[in-house]
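Written out below as structure tokens is the structure these notes cover.
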Amino acid sequence: KRAFYIGRFQPFHKGHYSVIKTIGKDIDELVIGVGSAQRSHETPNPFTAGERIMMIRHSLADTDIKHYAVPIDDIQQNAVWVSYVTARTPPFDIVYSNNPLILELFEEAGIETKQPPMYHRDKYSGTQIREKMIAGEKWEQLVPESVTEVIEEIDGVRRLKHVSGSDQ
Ligand code: ATP
Ligand code: MG
């Protein structure tokens with residue numbers, strides 16, 4: 001059984017990691033959609049698709065989950081989005097998501113969906129992690145160690161602080 005899971009992963013955090021470990025018990029392979037793939041260098045989306053793929057690959061290296069990370073650019077056309085996704089991914093039988101729009105679109109397309117349990121959503125959220133990075137607060141404990149390493153390698157906190165600044 002091959003499953004699909006999509007997020008923007010700005011950055012990939014322990015909430016994502018925990019969900020994927022849980023999903024991994026029920027499936028053979030996981031296709032991970034890296035959403036808003038064309039976006040980077042902006043406050044809500046600081047990291048490139050390639051950098052996010054690195055975060056995912058290095059984080060999942062300590063699991064035995066076979067996975068394919070596939071970049072998915074935004075298209076502003078929900079009605080054809082499922083075909084757009086399936087045209088660029090390995091085939092999958094089931095979609096795991098908590099996003100109501102994603103669930104609705106795949107259900108309408110006749111694809112099985114499941115809602116994975118949330119993992120300390122109050123603590124593990126991309127928005128909160130980016131805010132901490134900008135504020136110069138500790139964020140490292142909220143992401144897998146490999147993600148900290150990737151963000152250090154690309155000097156990601158400096159980039160985020162820079163692009164979130166004002167030109168005034
Ligand atoms: P942002 O605040 O930037 O939207 P996010 O934490 O919601 O970041 P996304 O990349 O948007 O991360 O999320 C991808 C998927 O992971 C979404 O379906 C989201 O519901 C889910 N998710 C995010 N945080 C958690 C968590 N702590 N536990 C379980 N699922 C999560
Ligand atoms: Mg989100």
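Whatever order the structure lists them in is the order used to number ligands and atoms, beginning at 1.
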Problem - Which of the ligand 1 atoms, numbered from 1, are nearer than 4.0 Å to a heavy atom of I6 - result: 14 (C), 15 (C)
Practice task
Report yes or no: do E29 and Y68 form a side-chain donor-acceptor pair below 3.5 Å?
Solution key: yes
Completion exercise
among protein heavy atoms, the one nearest atom 20 (O) of ligand 1 is M118 CE, 3.4 Å
Problem - ligand 1 contact on H13 by region, counting heavy-atom pairs under 4.0 Å - result: side chain
Exercise for the section: Answer yes when E152 and R158 have at least one side-chain N-carboxylate O distance shorter than 4.0 Å, and no when they do not. Expected result: no
Problem - Check: V82 main-chain N/O paired with T86 side-chain donor or acceptor under 3.5 Å - result: yes
Fill in the blank from the handout: atom 3 (O) of ligand 1 sits nearest the protein heavy atom R130 NH1, 2.8 Å
Problem - Among Q128, R121, R52, closest by any non-hydrogen atom to atom 5 (P) of ligand 1 - result: R121
Exercise for the section: Identify, by atom number and element, the atoms of ligand 1 in contact range of Y119, meaning under 4.0 Å from any of its heavy atoms. Expected result: 26 (C), 27 (N), 28 (N), 29 (C)
Exercise for the section: Verify whether one side chain among E140 and T148 offers a donor that lies under 3.5 Å from an acceptor in the other. Expected result: no
Handout entry: From P44, S40, P46, residue fulfilling side-chain contact (heavy atoms from CB on, under 4.5 Å) relative to E42
Key = P44
Problem - Same apolar cluster (I L V M F W Y, side chains within < 4.5 Å links), V34/V19 - result: yes
Exercise for the section: Evaluate the 4.0 Å heavy atom contact test for atom 17 (C) of ligand 1: does a protein atom fall under the cut-off? Expected result: no
Practice task
May I ask you to establish whether R88 and Y84 are in a cation-pi arrangement, using a distance under 6.0 Å from NZ or CZ to the six-membered ring centre and at most 45° from the ring axis?
Solution key: yes
Practice task
Considering heavy atoms of the protein only, find what lies nearest to atom 14 (C) of ligand 1 and give residue, atom and distance to 0.1 Å.
Solution key: G7 CA, 3.3 Å
Exercise for the section: Please work out which of the three classes, parallel, tilted or perpendicular, describes the rings of Y124 and H13, given edges at 30° and 60°. Expected result: parallel
Practice task
Starting from atom 11 (O) of ligand 1, locate the nearest protein heavy atom and write down its residue, its atom name and how far away it is, to 0.1 Å.
Solution key: R8 NH1, 3.7 Å
Practice task
Compute the shortest N/O to N/O distance between T127 and ligand 1 and return yes if it is under 3.5 Å, no if not.
Solution key: yes
Exercise for the section: Around atom 9 (P) of ligand 1, find the nearest protein heavy atom and jot down its residue, atom name and distance. Expected result: H16 NE2, 3.6 Å
Exercise for the section: Examine ligand 1 and decide if any of its atoms is less than 4.0 Å from a heavy atom belonging to K14. Expected result: no
Completion exercise
Among non-hydrogen protein atoms, atom 15 (C) of ligand 1 lies closest to Y5 OH, 3.5 Å
Handout entry: Subset of ligand 1 atoms that lie under 4.0 Å from at least one heavy atom of F9
Key = 10 (O)
Practice task
Considering the heavy atoms of S125, write down every atom of ligand 1 situated less than 4.0 Å from one of them.
Solution key: 6 (O)
Handout entry: Under 3.5 Å side-chain donor-acceptor pair for S36 and D74
Key = yes
Practice task
Please work out which of the three classes, parallel, tilted or perpendicular, describes the rings of F106 and W81, given edges at 30° and 60°.
Solution key: perpendicular
